[in-house]
Protein chains: 2
Amino acid sequence: MPAAQTSTRDRIVVAAARLIQRQGYVGTGIKQIAKEAEATLGSVYHFFPGGKEAVAVAAMEYGREEFAAVLRTALDSEDDPAAAVEACARVLATELRASGWTDGCPVTAAALETLGTDNEIQRACATALSAWQAQVADKLLRCGLPAQDAHNLAVTVINTLEGAEVTAQVNRDDTPLLLAGRHLSRLVASYR
Amino acid sequence: MPAAQTSTRDRIVVAAARLIQRQGYVGTGIKQIAKEAEATLGSVYHFFPGGKEAVAVAAMEYGREEFAAVLRTALDSEDDPAAAVEACARVLATELRASGWTDGCPVTAAALETLGTDNEIQRACATALSAWQAQVADKLLRCGLPAQDAHNLAVTVINTLEGAEVTAQVNRDDTPLLLAGRHLSRLVASYR
DNA sequence: CCCCCTCTAGAACGAACGCTCTATCCAGAG
DNA sequence: CTCTGGATAGAGCGTTCGTTCTAGAGGGGG
């Protein structure tokens, strides 16, 4: 019984989330997940009879909540909506750099790999993106922006952060994220 | 000698580019590339002794030029820089929809899958992103924007389009791209 | 004519894949 | 104590992976 304290199931989900975030869905093997989680193959299939796809769905949900928490903290750290959006970009930049540029968006890679397949993973990724957009929209609404503007802006805010994060990872440089923060901040301010 | 007219090498590169764009680098097999290109495994390794990675690098370069051509046409279709940027988003939306939401950015998936590996594929992806940014920056410069603003904006323009395209693919809906166009247009206009 | 070189063709290899299966462990119920 | 069922453990299945290798097809120069 290694790596006690946390349940085996949780360790599997966390390990899967981290590995898929870094190597994608196809590039991550079930055996690798088991090894990283200090579990065995039998345990993985015990908790996830649906196999690799079921593990990935659980991992996407975990990643969604993890990222949502980061977003919430950043959004709540500033009263002004423009400043709040910029804070999100700053936090992402800090965390990405701290991870050695490896831990980007937890769902993008898996989403792109499973595009044509109409599966549960796609749905989980879409749900995550919607949830994050809703968080930003909620903040903008509470700051008094018109409903339509708030929802539209929230979509672009998340999308720009996603794109900037990818570029930051590829270049191993957080400038794209910081620029995204500055530009998004200016954009949001222009709607006040 | 099936599928004449085009050289075997070119068919391999084009097929690889399309497959990697849709399924990622890891998810695309060498044998699948050969089959799709109507070539044999021997031909693939004849033209690309470097193996799968060499094929992928050539595919990334092809994708870079293909996307650059689309970008060039869109940017040249409008005089006003804000309108030009919005035209890019519109063209991407049209093409993405026409492909059945499968043909997104030709390098993002491969870039994310090979993040920690410090290989040629990473370099090819970074080069592609830089090239596209340079095209946008050039347009903004020619429209009279200050050099610093033009270069910074170009980074965010490409990143936002990338992120919006991913969301559009996941949701099978081009709204994210159209919103990106509107917001980027407004952002660019605010720097005039 | 033959030689040679580019390109095509696909069998075969070891490794890794997702998954199934049986066996074992062990805490708690009776 | 025995019994039971959730949890753990990993060998082994068939398949596919990237790669290597040998063999042949085809055509221009000696």
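Every chain is numbered from 1 and lettered A, B, ... according to where its sequence line falls, protein lines coming before strand lines.
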Just how far, in rounded Å, is [atom2] of [N] from [atom1] of [X]?
X	N	atom1	atom2	result
B/Phe48	D/dG18	CZ	C1'	16 Å
B/Leu41	C/dC13	CG	P	16 Å
A/Arg11	D/dT8	CZ	C1'	11 Å
A/Glu53	C/dC17	CD	C1'	16 Å
B/Ile12	D/dG18	CD1	C1'	15 Å
B/His46	C/dC5	NE2	P	13 Å
A/Arg9	D/dT8	CZ	P	12 Å
A/Glu38	D/dA7	CD	C1'	17 Å

Verdict with supporting geometry, A/Arg64 and A/Thr127, side-chain hydrogen bond (donor to acceptor under 3.5 Å, both in side chains): CA-CA 8 Å; A/Arg64 160 166 59 87; A/Thr127 301; 6.0 Å; no

Check: [Y] and [X] side chains under 4.5 Å, non-hydrogen atoms:
X	Y	answer
B/Ile20	B/Met60	yes
B/Lys31	B/Leu41	yes
B/Glu162	A/Thr167	no

A/Tyr45, nearest nucleotide to its side chain (from C/dA11, C/dG18, C/dT8): C/dG18

Among D/dT19, D/dT8, C/dA9, the nucleotide that comes nearest once only the side chain of A/Thr8 is considered: D/dT8

Interface with DNA chain D, restricted to residues 23-33 of chain B and to heavy atoms under 4.0 Å: B/Thr28, B/Gly29, B/Ile30, B/Lys31

Contiguous Watson-Crick or G-U pair runs (3 or more, under 3.5 Å) in DNA chain D: C:4-30 with D:1-27

Plane angle bin for A/Phe67 and A/Trp132 - parallel if under 30°, tilted between 30 and 60°, otherwise perpendicular: tilted

Residue among A/Leu75, A/Asp76, A/Val70 satisfying side-chain contact (heavy atoms from CB on, under 4.5 Å) with A/Arg72: A/Asp76

Result of checking B/Leu179, B/Leu161, B/Val136 against B/Leu184 for side-chain contact (heavy atoms from CB on, under 4.5 Å): B/Leu161

Touch class at under 4.0 angstrom, heavy-atom based, for A/Gly42 against every strand present: base

Along DNA chain C (nearest heavy atom to each residue), the more 5'-positioned of A/Lys52 and B/Ser43: B/Ser43

Criterion side-chain hydrogen bond (donor to acceptor under 3.5 Å, both in side chains) on A/Arg11 and A/Thr8, from CA distance to verdict: CA-CA 5 Å; A/Arg11 273 182 285 123; A/Thr8 302; 3.0 Å; yes

Pair A/Glu66-A/Arg18, salt bridge (Lys or Arg N to Asp or Glu O under 4.0 Å): steps then yes or no: CA-CA 11 Å; A/Glu66 192 182 40; A/Arg18 203 64 68 215; 3.0 Å; yes

